[in-house]
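Okay, so here's the structure we're looking at.
Letters go in sequence order (proteins before strands), and every chain restarts at 1. Values in this document were obtained by computation on a predicted structure and should not be read as measured data.
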Protein chains: 2
Amino acid sequence: MVHSAVLPSPPTDDIDVVDVMHALADPTRLTIVRQLLEGGEQACGGFDVRVSASTLSHHFKVLREAGVIDQREQGRHRMTSLRSTDLETRFPGLLTSVFGVVHA
Amino acid sequence: MVHSAVLPSPPTDDIDVVDVMHALADPTRLTIVRQLLEGGEQACGGFDVRVSASTLSHHFKVLREAGVIDQREQGRHRMTSLRSTDLETRFPGLLTSVFGVVHA
DNA sequence: CCTTCAGTTCGAAGATCATCTAACTGTTCG
DNA sequence: CGAACAGTTAGATGATCTTCGAACTGAAGG
């Protein structure tokens, strides 16, 4: 059975501004998002952050439940990507203003 | 003595993204900023929020120290204003994307 | 099959946070 | 002066957050 189970993340219209602000109010999570902006989809191990695996997993959950990232299973890896388009729809220009880069 | 003591708030270039995100990651503070965007400078008592005066004071401190608002003493009142221009300089488009309004 | 690997879940510890009441400071006005 | 007013500060409380190590799950590979 090929299950491409998408982990729970809110639909675009339900992305809440408080949740997004909270998700971005942490240096580690900000680093994660910045690396996703620069490098695109990555596996958990591909991030250059100095926290334990369990802490990193916690941060992914916060970002995912806020609607900032998406995660999909792929074999032994869990691929993480930024919901750039959805964020651009819900809060146009947010990524650009916060990270100083143009949304890809 | 006419003291127009400006309460401590960081210079524009030192406004930190984590502090700003954290400042905006609270419903009450978000309401405060929204009301400042709509109504301009206001005294503390002019805000329509359902928290005690001391809690409101706490939220102003968080917003001020993050660089989101400015406060100046005027007689018996403390006037609060949004640092729209500084925020626009530091994070262009942020207010617009978060609040869905054009920066005045 | 059994080991390794990628990542999560489960407590737990310590820090930070939002909120309140009570007491305080400083200003205005009668 | 003395009372009323605007807002802050202090201290406490309960909730939430970040972090970790240890144990777990599920997939890949020898």
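- Here the closest heavy-atom approach between residue A:Ser97 and residue B:Gly93 is recorded as CB-C, 3.9 Å.
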Inset, instruction - Indicate for each nucleotide in nucleotides 12-17 of chain D, in 5' to 3' sequence, whether protein heavy atoms under 4.0 Å reach the base (B), only the sugar-phosphate (S), or nothing (-). - result: -----S
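- Summarising the geometry, the separation between CG on A:Leu56 and P on D:dC20 is reported as 10 Å, rounded to the nearest angstrom.
- Between the side chain of B:Arg90 and the backbone N or O of B:Val17 there is no donor-acceptor pair closer than 3.5 Å.
- Between the side chain of A:Ser9 and the backbone N or O of A:Arg64 there is at least one donor-acceptor pair closer than 3.5 Å.
- Proximity of a side-chain donor or acceptor of A:Gln35 to a complementary backbone N or O of A:Gln42 within less than 3.5 Å is not detected.
- Residue A:Phe91 comes nearest to A:Asp16 through the heavy atom pair CZ-C, 4.3 Å, listed as atom of the first residue, atom of the second, then distance.
- The nearest whole Å value for the distance from the CZ atom in A:Arg50 to the C1' atom in D:dT19 is 16 Å.
- The residue B:Val62 sits apart from the nucleic acid: no heavy atom pair falls under 4.0 Å.
- For the pair B:Lys61 NZ and D:dT9 P, the computed distance is 6 Å after rounding to whole Å.
- Picking from D:dT9, D:dC20, C:dT8 the nucleotide with the shortest atom distance to the side chain of B:Ser54 gives D:dT9.
- For the pair B:Gln42 CD and D:dG7 C1', the computed distance is 16 Å after rounding to whole Å.
- Remark: A:Ser52 is not in phosphate contact with D:dT19, judged by side-chain N or O atoms under 4.0 Å from OP1 or OP2.
- Nucleotide C:dT16 holds its P atom 18 Å from the NE2 atom of B:His59, rounded to whole Å.
- If you take CD of B:Gln71 and P of D:dA6, they are 16 Å apart, rounded to a whole angstrom.
- With values rounded to the nearest 0.5 angstrom, B:Glu41 atom CD is found 9.0 Å from B:Leu36 atom CG.
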Inset, instruction - Treat primed atoms plus P, OP1 and OP2 as sugar-phosphate and everything else as base, then score nucleotides 1-6 of chain C 5' to 3': B for base contact with protein heavy atoms under 4.0 Å, S for sugar-phosphate contact only, - for none. - result: ---BBS
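- Between D:dT8 and B:Ser57, a contact under 4.0 Å exists linking OP1 or OP2 to a side-chain N or O.
- Using modelled atom types, one finds a donor on one side chain and an acceptor on the other under 3.5 Å when comparing A:Thr80 with A:Gln71.
- If you measure from atom CG of B:Leu7 to atom C1' of C:dT25, you get 14 Å, rounded to the nearest angstrom.
- In plain terms, the two heavy atoms of B:Val51 and B:Leu56 that are nearest each other are CG2-N, 4.0 Å.
- The nearest whole Å value for the distance from the CD atom in B:Gln74 to the P atom in C:dT28 is 10 Å.
- Panel note: side chain A:Ser57, backbone A:Ala53; no donor-acceptor pair is recorded below 3.5 Å.
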